[in-house]
Amino acid sequence: MRWLGFDWEDRLFYASDYFDQMYDYAVQLIKAGKAYVDDLSTDEMRGYRGTLIDPGKESPHRNRSAEENLDLFERMRAGEFKDGSRVLRAKIDMASPNLNLRDPAMYRILHAEHHRAGNKWCIYPMYDWAHGLEDSIEGITHSICTLEFEDHRPLYDWFLDELGVYHPQQIEFARLNLTYTVLSKRKLLQLVEQGYVSGWDDPRMPTISGLRRRGYTPESIRNFCERVGVAKTDSTIDVALLEHCIRQDLNKRAPRVMCVLRPLRVVIDNYPEGQTEDMDAVNNPEDTDMGTRKVPFSRVLYIERDDFREDPPGKFFRLAPGREVRLRYAYLITCVGAVKDERTGEVVELHCTCDPASRGGNPPDGRKVKGTIHWVSAAHALAAEVHLYDRLFTVENPGDITSSADFEGVLNPNSLETLTGYIEPSVSGAAPGSRYQFERLGYFCVDSKDSSPDRMVFNRTISLRDSWAKIEKQL
RNA sequence: UGGGGAAUCGUCUAGUGGUAGGACGGCUGACUCUGGAUCAGCAAGCCCAGGUUCGAAUCCUGGUUCCCCAGCCA
């Protein structure tokens with residue numbers, strides 16, 4: 001929460017801080033004849049509850065005396081009874097059309113250690129009972145929750161009114177659903193437990209820790225929330241909006257750097273062997289205050305395989321036999337030959353010539369080249385592990401899957417691709433969490449968990465918008 | 001066929017009796033040493049049917065559709 005930018009100051013509250021007071025309130029309700037101890041089993045209670053359409057029946061223990069209830073409740077607390085053997089229920093109305101009002105449980109017996117209260121208690125309050133009490137004790141004015149609690153509000157109100165205590169107002173709003181992912185804790189837990197992700201902070205998880213490790217900034221998340229708004233319509237936000245927010249933020253603040261993900265070796269035939277030049281590169285064209293850096297250039301380079309086509313389709317502006325392109329911040333080069341693997345026919349190396357007069361990227365004659373591609377000097381590049389993350393699911397609403405909650409069929413098998421990238425040496429020593437734009441590829445951050453100085457690990461936060469991909473799709 | 005909610009561009013969201021607006025996404029085009037960014041523009045919506053009113057997304061009536069509820073979970 002702090003990382004997101006919030007500060008609760010001295011107001012870190014826990015429901016368990018109020019267990020004693022809640023117990024006293026329960027006693028108060030028992031004395032008032034508004035709560036009773038029931039001995040029905042879970043199954044029996046279910047039977048007595050009725051259905052959505054039919055009213056329930058009253059428990060045979062519903063009319064025990066206050067004295068008996070008090071005695072039983074004290075003994076529940078004292079640990080005399082087994083888990084599940086008894087429960088304290090509110091005495092409301094077994095025929096209520098709102099099932100939450102059919103004598104809901106307030107306390108159940110649970111001989112379990114509490115992470116804060118230790119072993120002090122063996123009875124624990126139910127959510128509906130605890131919720132309003134916490135709010136009331138803390139003196140809050142409005143209690144915001146999600147839509148599914150709308151028909152719990154009458155119960156929230158009932159407890160507070162029967163107790164005659166300060167009564168905050170519960171207001172329900174839609175939860176924030178997102179396309180191509182699930183957000184329910186249960187489903188997320190399933191992803192973790194069944195090993196579909198590496199943990200709660202896996203960069204594909206829509207958790208705060210996951211988003212953080214993925215490279216999302218707190219500002220982008222808050223901005224996203226502001227844009228989404230708050231309303232009561234049960235809605236699902238297009239994940240593209242989240243992606244837009246992080247791109248917008250990182251475009252302004254992420255330093256640019258060059259990295260080649262799928263290397264194709266390029267030899268500049270007319271460039272002297274053994275020579276190295278430092279090219280001046282702008283750190284962020286969106287913010288010149290971020291300065292410049294030097295990028296080493298030499299005779300043997302790597303470029304992206306995708307940036308070369310032997311037989312280029314129309315509108316392909318990158319390298320091809322006989323074509324000239326700009327190596328960003330370096331030289332204009334022309335492809336003069338391709339070396340192929342004899343067996344597979346795969347292009348394994350390119351031979352190019354550079355125009356020495358175009359140093360820095362601009363030819364003195366002012367001729368235009370349509371394409372500018374990124375590159376890295378083979379001898380200077382740093383090898384790093386790069387994680388290419390993509391959406392976890394292939395369908396827009398994986399949460400809709402009703403069956404046995406089996407995600408198998410809708411999980412994106414390519415949500416993580418790991419490869420070795422070759423990065424310009426300037427990123428060496430970057431701190432975990434550092435964010436960069438790998439030019440023409442996307443935004444990446446140094447993994448905060450697995451990266452080390454000798455083997456850096458980068459996570460792709462989000463790709464850059466790729467209009468070429470759209471054009472190519474239509475070809 | 002019980003109860004509780006919600007319906008406005010593809011997706012979110014404003015508008016609460018007076019010109020239906022914004023964002024994302026989509027599509028054009030301009031510009032560009034990132035096919036990024038930026039800029040300009042276009043398409044796209046009031047769940048339906050009646051009614052009230054000079055005038056209805058908004059008020060009334062009746063429908064329709066969708067979501068939630070039968071945990072000793074939250």
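Reminder, nothing fancy here: chain letters follow the sequence lines and each chain counts from 1.
Within the 4.0 angstrom heavy-atom criterion, only backbone atoms of the sugar-phosphate kind lie near A:Val230; the bases stay farther away. Looking at heavy-atom distances under 4.0 Å, A:Arg328 makes contact with a base. Residue contacts shown for A:Arg326 include a base, since a base heavy atom lies under 4.0 Å away. A:Phe316 comes within 4.0 angstrom of a nucleotide base, judged by non-hydrogen atoms across all strands. At a threshold of 4.0 angstrom between heavy atoms, the contacts of A:Pro285 include nucleobase atoms, whether or not backbone atoms are also involved. Heavy atoms of A:Asn362 sit under 4.0 angstrom from at least one base atom.
Salt-bridge check for A:Arg435 with A:Glu219: failed, with every basic side-chain N at 4.0 Å or more from each acidic carboxylate O. For A:Arg440 and A:Asp306, the salt-bridge test fails: no basic side-chain N is under 4.0 Å from an acidic carboxylate O. Between A:Glu424 and A:Arg328 there is no salt bridge, since no side-chain N of the basic residue sits under 4.0 Å from a carboxylate O of the acidic one. The pair A:Asp17-A:Arg116 meets the salt-bridge criterion, since a charged nitrogen lies less than 4.0 angstrom from a carboxylate oxygen. A salt bridge between A:Asp20 and A:Lys120 is present, with a side-chain N of the basic residue lying under 4.0 Å from a carboxylate O of the acidic one.
For A:Arg318, taking side-chain heavy atoms from C-beta onward, the closest of the listed nucleotides B:rA37, B:rU34, B:rG35 is B:rG35. Nearest nucleotide to the side chain of A:Ser467, out of B:rA70, B:rG36, B:rC72: B:rG36. Minimum atom distance to the side chain of A:Lys232 is reached by B:rA6, of the listed B:rA6, B:rU34, B:rA74. Closest to the side chain of A:Asn251, out of B:rG35, B:rG71, B:rA37, is B:rA37. Distance from the side chain of A:Thr236 is smallest for B:rC12 among the nucleotides B:rG36, B:rC12, B:rG35. When distances are taken from the side chain of A:Thr233 to each of B:rG35, B:rU13, B:rU34, the shortest belongs to B:rU13. Side-chain proximity of A:Val87 to the nucleotides B:rU8, B:rC72, B:rA74 is greatest for B:rC72. Closest approach to the A:Met126 side chain among B:rA7, B:rC24, B:rG71 is made by B:rG71 (side chain taken as heavy atoms from C-beta onward).
Ring geometry, A:His167 versus A:Tyr156: the interplanar angle falls from 30° to 60°, so the pair is classed tilted. Ring orientation note: the planes of A:Phe149 and A:His152 are nearly perpendicular, at an angle over 60° on the 30°/60° scale.
B:rC66 and B:rG26 have their P atoms separated by 30 Å, given to the nearest Å. Spacing of C1' atoms, B:rC67 relative to B:rG25, comes out at 25 Å, to the nearest Å. Comparing the C1' positions of B:rU65 and B:rC27 gives a spacing of 31 Å, expressed to the nearest Å. Across the P atoms, B:rG22 and B:rC59 are found 24 Å apart, a figure rounded to whole Å. Taking the C1' atom of each, B:rG45 and B:rA20 are spaced 9 Å apart, rounded to whole Å. B:rC9 and B:rA23: their C1' atoms are spaced 12 Å apart (whole Å).
When each of A:Tyr331, A:Tyr302, A:Phe297 is checked for a ring-ring contact (aromatic ring centres under 6.0 Å, His included) with A:Trp375, only A:Phe297 meets the rule.
Rounded to whole Å, the distance from CG on A:Asp307 to P on B:rG36 is 14 Å.
B:rG71 adopts a syn glycosidic conformation, its chi angle falling within 90° of 0.
Distances shorter than 4.0 Å separate some side-chain N or O of A:Ser235 from OP1 or OP2 on B:rU13. Listed pair A:Arg102 / B:rG3 fails the phosphate criterion, with no side-chain N or O lying under 4.0 Å from OP1 or OP2. Checking the phosphate oxygens (OP1, OP2) of B:rC72, no side-chain nitrogen or oxygen of A:Arg86 falls inside 4.0 Å. Residue A:Arg186 has no polar side-chain atom (N or O) positioned under 4.0 Å from OP1 or OP2 of B:rC73.
The base-pairing partner of B:rC66, taking Watson-Crick or G-U wobble contacts with both distances under 3.5 Å, is B:rG5.
For A:Tyr216 and A:Phe224, the distance between ring centers is not under 6.0 angstrom.
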**Asked** Can you give one letter per nucleotide of nucleotides 25-32 of chain B, 5' to 3': B if a protein heavy atom sits under 4.0 Å from the base, S if only from the sugar-phosphate, - if neither?
**Response** SSS-----

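When each of A:Leu242 and A:Gly371 is assigned the nucleotide of RNA chain B bearing its nearest heavy atom, the one mapping closer to the 5' terminus is A:Leu242. Comparing A:Gly361 and A:Val228, the nucleotide of RNA chain B nearest to each residue sits closer to the 5' end for A:Val228.
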Give every pair of a protein N or O atom and an N or O atom of nucleotides 66-69 of chain B that lie under 3.5 Å apart, one pair per line with the distance.
{"from": "B:rC67", "atom 1": "O2'", "to": "A:Asp234", "atom 2": "OD2", "distance (Å)": "3.1"}

